[in-house]
Amino acid sequence: MEFTINNIDTIIIKLRELTENFVIPSVTSMALDKVSPFEILISTLLSLRTKDETTYEVSLKLFEIANTPQKILNITDKELQKIIFKTGFYRNKAKTLKHVSQEIINKYDGNVPDSIEELLTINGIGRKTANLVVIKAYNKPGICVDTHVHRISNRIGFVNTKNADKTEFALRKTLPKKYWCEINDILVKHGQNICRPISPKCNLCNITQYCKHFLIEKN
DNA sequence: AAAACGGGGGC
DNA sequence: GCCCCAGTTTT
């Protein structure tokens, strides 16, 4: 199936409608006068392999105690581990949070960088996190490809790629720029509720007529 | 007891 | 580009 710009517009608009009522409480969806770039970054790092509700709850608890790089460095490893325990992988995450905080102080004077390239120079920050931070914290263009965006972009047929990085680069070519920043929001909601990894609920989906995966399965 | 939650790094 | 990694929560 050929994907024209018209098709992409139609698909995005339909998915936007389909998912607009799904609410995922998260630090990254809060207004920018309520949350800092650093908080967005830390929350994203905590979200690794963790339910959104847990990430949100733990993030708010952490930020009551430490919401700046220096404050993160000021608390002990044990205390930090205890606070973020429920997100899982708490030893690694505590180490990452400390390292990222230290780097932001050392290299960026305590301010979270606003470019993907600079963010990527910090160990522990990869493309998914870097893109999300520039989008959510700085309102700059980016495409945050997490597992949902990767899976669904391939299912629909937006891209045909093996890994998330390639999906990001492919989407940068095929996806109109006006959709870049919201594609993650839309596809995460769609992926959590309908287009799940296993047994997707295609009966609840409104774009099956455009979906390569659905059409292949059906035929 | 098993599955779900997925991004980053090392080589 | 493939493999490895880290723990809690839910079913």
Identify whether any heavy atom of [X] sits under 4.0 Å from a base atom; if not, whether one sits that close to sugar-phosphate; answer base, sugar-phosphate or nothing.
X	answer
H150(A)	nothing
D146(A)	sugar-phosphate
L46(A)	nothing

(request) Carefully, step by step, assess Y108(A) and T121(A) under the rule side-chain hydrogen bond (donor to acceptor under 3.5 Å, both in side chains). (result) CA-CA 11 Å; Y108(A) 300 102; T121(A) 68; 3.2 Å; yes
(request) Report the C-alpha separation of S43(A) and K136(A) in whole Å, then their side-chain angles, then the decisive distance to 0.1 Å, and conclude whether the side-chain hydrogen bond (donor to acceptor under 3.5 Å, both in side chains) test is met. (result) CA-CA 12 Å; S43(A) 181; K136(A) 298 296 185 182; over 6 Å; no
(message) Using the P atom as the point on both nucleotides, what is the distance between dC11(B) and dA6(C), in whole Å?
(response)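 Pairwise P distance, dA6(C) against dC11(B), rounds to 15 Å.
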(request) Quote, to the nearest angstrom, the P distance that separates dT11(C) from dG6(B). (result)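 Here dT11(C) and dG6(B) have their P atoms 15 Å from each other.
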(message) Going by side-chain hydrogen bond (donor to acceptor under 3.5 Å, both in side chains), name the pairs with one or both residues in residues 189-206 of chain A, residues two or more places apart or in two chains.
(response)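 The answer is D52(A)-Q192(A).
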Specify the separation, in whole Å, of atom [atom1] of [X] and atom [atom2] of [N].
X	N	atom1	atom2	answer
I24(A)	dC5(B)	CD1	P	12 Å
I198(A)	dT11(C)	CD1	C1'	13 Å
H148(A)	dA4(B)	NE2	P	13 Å
K51(A)	dA4(B)	NZ	P	10 Å
R49(A)	dA3(B)	CZ	P	13 Å
L45(A)	dG9(B)	CG	P	10 Å
N193(A)	dA4(B)	CG	P	16 Å
E168(A)	dG8(B)	CD	C1'	14 Å

(message) Just to be sure I understand the geometry, which residues of residues 85-104 of chain A put a non-hydrogen atom under 4.0 Å away from DNA chain B?
(response)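 Of all residues in residues 85-104 of chain A, none places a heavy atom under 4.0 Å from DNA chain B.
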(request) Under 4.0 Å from any atom of DNA chain B, heavy atoms only: list the residues of residues 124-138 of chain A that qualify, in numerical order. (result)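 Nucleic-acid contacts, sorted: G124(A), I125(A), G126(A), R127(A), K128(A), T129(A).
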(request) List the steps, then state whether side chain to side chain contact (heavy atoms under 4.5 Å, CB included) holds for T28(A) with V35(A). (result) CA-CA 8 Å; T28(A) 50; V35(A) 68; over 6 Å; no
[X] (side chain) donor-acceptor with [Y] (main chain) under 3.5 angstrom:
X	Y	result
K140(A)	D114(A)	yes
H99(A)	G124(A)	no
K93(A)	L48(A)	yes
W180(A)	R172(A)	no
D146(A)	H148(A)	yes

(message) Could you spell out the base pairing of DNA chain B as a dot-bracket line? Use Watson-Crick and G-U wobble contacts where both distances are under 3.5 Å, [ ] for crossing pairs, | for partners on a different strand.
(response) |||||.|||||
(request) Compare all side-chain heavy atoms of N154(A) with those of N160(A) and state whether any distance is below 4.5 angstrom. (result)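 Touching, per the 4.5 Å side-chain cut-off.
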(request) Using a 4.5 Å cut-off on heavy atoms from C-beta on, say whether the side chain of H150(A) contacts that of T161(A). (result)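 They are in contact (side-chain heavy atoms under 4.5 Å apart), so the answer is yes.
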(message) Rounded at 0.5 Å granularity, tell me how far CG in L62(A) sits from CG in L80(A).
(response)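 Reported to 0.5 Å precision, the distance equals 6.5 Å.
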(message) Heavy atoms within less than 4.0 Å of DNA chain C: which residues of residues 52-67 of chain A have one? Give them sorted by number.
(response)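 Within this stretch, nothing sits under 4.0 Å of the strand.
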(request) Kindly point out which of dG7(B), dT10(C), dG9(B) is positioned nearest to the side chain of T147(A)? (result)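 Side chain of T147(A) sits closest to dG7(B).
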(message) Please evaluate residues T44(A) and T129(A) with respect to the criterion side-chain hydrogen bond (donor to acceptor under 3.5 Å, both in side chains), reporting the C-alpha separation (whole Å), side-chain torsions for both, the decisive distance (0.1 Å), and the verdict.
(response) CA-CA 6 Å; T44(A) 305; T129(A) 303; 6.0 Å; no
(message) Which residues pass the side chain to side chain contact (heavy atoms under 4.5 Å, CB included) test with D77(A), not counting sequence neighbours?
(response)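 With sequence neighbours excluded, D77(A) shows a side chain to side chain contact (heavy atoms under 4.5 Å, CB included) to Q81(A), K98(A), given in chain and number order.
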(request) Nearest-nucleotide wise, let me know which of I122(A) and T50(A) is further upstream toward the 5' end of DNA chain B. (result)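 Result: T50(A).
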(message) Salt bridge or not between E20(A) and R16(A)? Use side-chain N to carboxylate O under 4.0 Å.
(response)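 No, no charged N to carboxylate O under 4.0 Å.
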(request) Verify the contact: side-chain N or O of N163(A) to OP1 or OP2 of dG1(C), cut-off strictly under 4.0 Å; return yes or no. (result)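 Looking at the OP1 and OP2 atoms of dG1(C), neither is under 4.0 Å from any side-chain N or O of N163(A).
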